[in-house]
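Encoded as structure tokens, the structure appears first; notes follow it.
Since the model is a prediction, treat every value here as computed from it, not as a measurement.
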Amino acid sequence: MIFVFQFLVNTVFAQTTIWGAVQDSTGKPLKSVSIRLVVDQDTFYQITDLQGKYKFHQGKVGDNSLIYSMLGYKTEQKSVRVAQEEVIKEVPLLVMEPFSTAIPFVHVLKVVPIVKIGDTTQFNFDAFKFRPRSLLWEALRQLPGFQVTRDGTVSYNGQVIRKVKVDNKDFFGGDMLTATQNLPADFIKNLQLLDYKDDVTQETGMLSTSTEKIININLREDSKKIHFGQVTGGGGTNDRYLGSFGMNRYDNGAQLSVSGSLNNTNTNLYSYENQGGAVRERRTMEYGDYQDPVDGLNTVSSLGASVSDKLSKRTSFNASYNYVRRDNRTDGNSRLTSSYIGNTITRNETYKTHNRDQVHKAKFDTETRFNNNDLLKIGANFTLSKSISYNDKSTEVNNYKVKNNGGYRDSIDQYLPNGELQALYSKHFNKKGRRLVGTFWFSGNSLERDERVKEKYEEFSALDTVIGQFEQRQKIYQRNQNTSTKASVSYVEPFFENSFFEFSYEFELNKINSAREVYERLGKLPTSGLDSLLNMEYNYMFRSNRTSLTYQYEPNKKFKMNAGFAVQPVLLRGNQLNMGVDYTYDNINLVPTANILYKFSKEMDWQLGYKGKNNQPYFNQIAPLVDNTNSRNVIVGNPELKAEFAHSFTTTFRRVISSTMQNFETSFAFNMIANKIVSDKSSAPNSTTQTTTFKNADGYFDWRWHYGFNTPFIHESIQLDLIGDLDYYNNLSFIDQRKRTTTQLLFNQSAQFRFQLGDYLESILNANYVLNKTEYSIPFRTKFNVETLFLGLGAKGYVSDNFSLGFDMSQRYNSGYANSFMNVNQTIMNGFLELTCLPNKSLLLRLQGYDLFNQNKDMGIYSEYIGNDVYEARNNRLGRYFMLSLNMRLQNFHKKK
């Protein structure tokens, strides 16, 4: 009886292991295939692993049904019969075929437009409708938060973006303008906006704060092998012309591009970098999308080439060269008012400037990822800059006692070659999280500057009686040899399960050898001789050693923080060779650092950071140089200056709601600078001559708040972008040996509506308000409230598939400036007609009218309120013209079957 009972139990309840594997039609294992095992009235589920294998332990004697399903493949079914004696049953290999016909019960309603992935915001192009033939810059105008101005500058919520990658590789050296003007939108799968991280941060994985953003463009799978290009030519009234070409080949990451342009319509094909120094950073919506933000009349020609490919399976390279030549002619007038106790000096100028700049840039980078996952990156850059400038000024300088009328002319010929070499090696270890990263950077340049100055004034008394004359002619020759070396090493060691320690060392050494010769040329001979009081031979050295220890804790994917401490000895040393005088400053800075990142969800995060940094004096501030090329504004360097030390606090909050296509980002930054280098100005009694030198002072701080909000408004066809800034600066200066504080509040609020009506109409409405509130109290309380209101409207209508027309119009109101010539309002209107023809609309004929009311031609407004100076200027810009242009676009790409 017991034997019979045991036999029945084994027969009824015995289970067999059923296993097998799944591949696709190419023979590759299929991961994540969903498999159902149906036995009698029971159903069991499994999915395949990385090798495409699966296993069930619930098989039973008799018939077992297996159902295989995966999105994109045909559903398959197998019947497996298990014999009584089988404990393990192997199912024959299953090959799943792609599913190529429509599934009647599945409907794709909508592609999610915006997706948040870590610190990356991704825009899926299939969710947006772009017109045929659209280039990247045209597509960017339709994406939430993006702005593209007339000169090609790209920004996101007001922040300028300067670097672009294609499939995570540099496209044309990473030049944003080249990519946006050449890449067709049809080729793009998605665009990713991400925080920029340097190579060391990426390799070590240490948390840091970054305010710079870059763009990465991912191409469609059927556009990985493409050939595209364009040729444009046009001519118009007032001798306006433009011409450009671009030919590009992209083959699964291998890229070859050649392009060039020639125009006098204030446009560039390459991003033009100012080689002479920094320029004021402006939010793009400060001046709207419609007006020309470039002063003067410019003729620009450019030519460039870029190539990138793989040298081997693990080594890739990228090389580029471009040449830009710019000829700028600017006319304008300005007023500078400098207030002292008992002496207010006013300088009125009418000027003409002519600048001719040539820049050659060559770049080469190579990257090797070894078999053991070590990384080696080597890069080299070479830039050769040549510039010639001419200035011709009619000047009136006066105070309550004297008036100087005269002229000022100078010419400057400058030659500046610059070379850079950088290298990075990242050592990977078997132990997870352990890293060793070393970097090296070297830069060298040689400046040669030849300047000729002619200045002549007649001096009048308050009763307009001639009381004297002044004249000087100088020839100045200056040469600087600059070298800069930086090296660093970082070692990261895991500590327990969720912690890391980073040990790092950074070394920096900067050297400048400078000589300046000034010749007085008022004598009968062409060169009357050296002026020993104005000549200079000076050697300068800055050295910094920074050793730091940082602890990082990341218990989960939501929270990450680090805190560290650094010791940084600093040495500044100067040697005035012609005077036999040495200057030395050394100090030890104690620098704490901290960063916190918390991710509330995949679409919301918050970050807080602090860092300290040394700022060196500029050369013209620390060099023991007396510069009287402008006899009424003498500049004297101070070789005893100390290095600044800046404390920077930043915090950022970001929230994306993908389902409603909404995005909100806000940031706040606070900076406090010890030993801030400020101007120290004084005036000679009963004279219009001022002297400016520099000194260190404590008490400077600033804070800056920024936000951007993007959302559909009422309907998804209407897009609203709100951008705001509120900045406060507590500036310091010295006036006649008295410390002075200038407070400045800058408020900027922008709103932009974009509306699209199917395939018939695209429109945009802009509004921008700017307030500049400045106040200082020495020598007397002075307040400025400068307000600017900008309103803009643009629309483009499509009459048919081949014919469109459009316009854009803007109105600007200015008030509160100190001088009446600044408080002017301008109305700008542009219009155009477009006709396309040939297959794929590859030929475009365009008739354009720019600045129809001719009011932009003298609206280059600039103002600055610093120390005791109130400076306001107004320059000419490009005025009205009409142009007829023809554009041919060619493209060819292989579609995968």
Side-chain angles (χ1 to χ4, degrees), residues 1-112 115-118 122 124 189 221 373 430-433 497-498 554-558 599 601-603 658-659 896-897:
M1 182 65 69
I2 296 175
F3 173 78
V4 174
F5 178 76
Q6 184 176 3
F7 173 78
L8 292 175
V9 171
N10 290 339
T11 302
V12 175
F13 296 102
Q15 293 183 331
T16 300
T17 299
I18 298 175
W19 73 278
V22 183
Q23 294 181 352
D24 63 13
S25 56
T26 65
K28 294 182 179 179
L30 274 179
K31 175 192 173 187
S32 301
V33 177
S34 178
I35 307 173
R36 288 181 291 164
L37 171 64
V38 181
V39 182
D40 297 330
Q41 300 299 318
D42 297 322
T43 302
F44 306 95
Y45 296 90
Q46 287 288 347
I47 61 172
T48 56
D49 59 16
L50 292 172
Q51 287 75 40
K53 296 180 181 180
Y54 63 92
K55 183 183 295 185
F56 289 93
H57 298 288
Q58 298 87 2
K60 291 187 178 181
V61 174
D63 290 332
N64 296 259
S65 179
L66 291 168
I67 302 172
Y68 305 81
S69 62
M70 186 175 184
L71 186 64
Y73 291 86
K74 294 179 181 180
T75 300
E76 303 285 351
Q77 184 171 347
K78 277 183 176 290
S79 180
V80 180
R81 186 168 183 81
V82 178
Q84 182 175 336
E85 67 276 4
E86 288 183 299
V87 179
I88 299 177
K89 179 69 174 182
E90 180 181 357
V91 181
L93 177 69
L94 176 72
V95 177
M96 298 187 70
E97 298 291 337
F99 193 84
S100 57
T101 58
I103 305 174
F105 53 87
V106 176
H107 302 279
V108 179
L109 298 177
K110 184 178 181 182
V111 177
V112 178
V115 180
K116 187 79 163 57
I117 308 171
Q122 179 173 296
N124 295 316
K189 178 182 179 181
E221 290 301 321
N373 213 28
N430 293 330
K431 186 175 182 179
K432 183 180 178 180
E497 185 177 357
N498 301 311
E554 41 187 306
N556 50 54
K557 294 183 179 180
K558 284 191 171 183
K599 298 181 179 180
S601 65
K602 291 182 178 180
E603 297 186 331
S658 301
S659 59
K896 295 183 179 180
K897 297 182 180 180

Calculate, to the nearest 0.5 Å, the distance between atoms CD and CD1 belonging to E76 and I35 respectively.
11.5 Å

Calculate, to the nearest 0.5 Å, the distance between atoms CD1 and NZ belonging to I18 and K89 respectively.
8.5 Å

Is a donor on one side and an acceptor on the other found under 3.5 Å between the side chain of N64 and the backbone of G62?
yes

Does atom CG of N430 have more than 12 heavy-atom neighbours from other groups under 6.0 Å away?
no

For S69 versus T75, what's the shortest heavy-atom pair and its separation?
CB-OG1, 4.1 Å

Rounded to the nearest 0.5 Å, what separation is found between the NZ atom of K53 and the CD atom of Q23?
10.5 Å

Of all residues at least two apart in sequence or in a different chain, which pass the side chain to side chain donor-acceptor pair (under 3.5 Å) check with K432?
none

Where do G52 and P29 come nearest, in terms of heavy atoms and distance?
N-CB, 3.8 Å

Who pairs with D63 by side-chain contact (heavy atoms from CB on, under 4.5 Å), at least two apart in sequence or on another chain?
R81

Give, for atom CG of L66 and atom CG of L94, the distance between the pair rounded to the nearest 0.5 Å.
9.5 Å

All side-chain contact (heavy atoms from CB on, under 4.5 Å) counterparts of I47, not counting sequence neighbours:
none

Pairwise distance OH(Y54) to CG(L37) - rounded to 0.5 angstrom:
9.5 Å

Would you please name every residue forming a side chain to side chain donor-acceptor pair (under 3.5 Å) with K116, sequence neighbours left out?
D605

Do you know which two heavy atoms are closest between K31 and T48, and how far apart they sit?
C-OG1, 3.4 Å

Tightest non-hydrogen contact, residues V95 and D24, listed as CG1-O, 3.6 Å

Which atom of F56 lies closest to which atom of R36, heavy atoms considered
CZ-C, 4.5 Å

Identify the heavy atoms of M96 and M70 that sit nearest to each other, and give their distance.
CE-N, 4.2 Å

Qualifying residues under side chain to side chain donor-acceptor pair (under 3.5 Å), relative to Q77, sequence neighbours excluded:
S65

Hits for side-chain contact (heavy atoms from CB on, under 4.5 Å) against S32, two or more places apart or cross-chain, chain-then-number order -> none

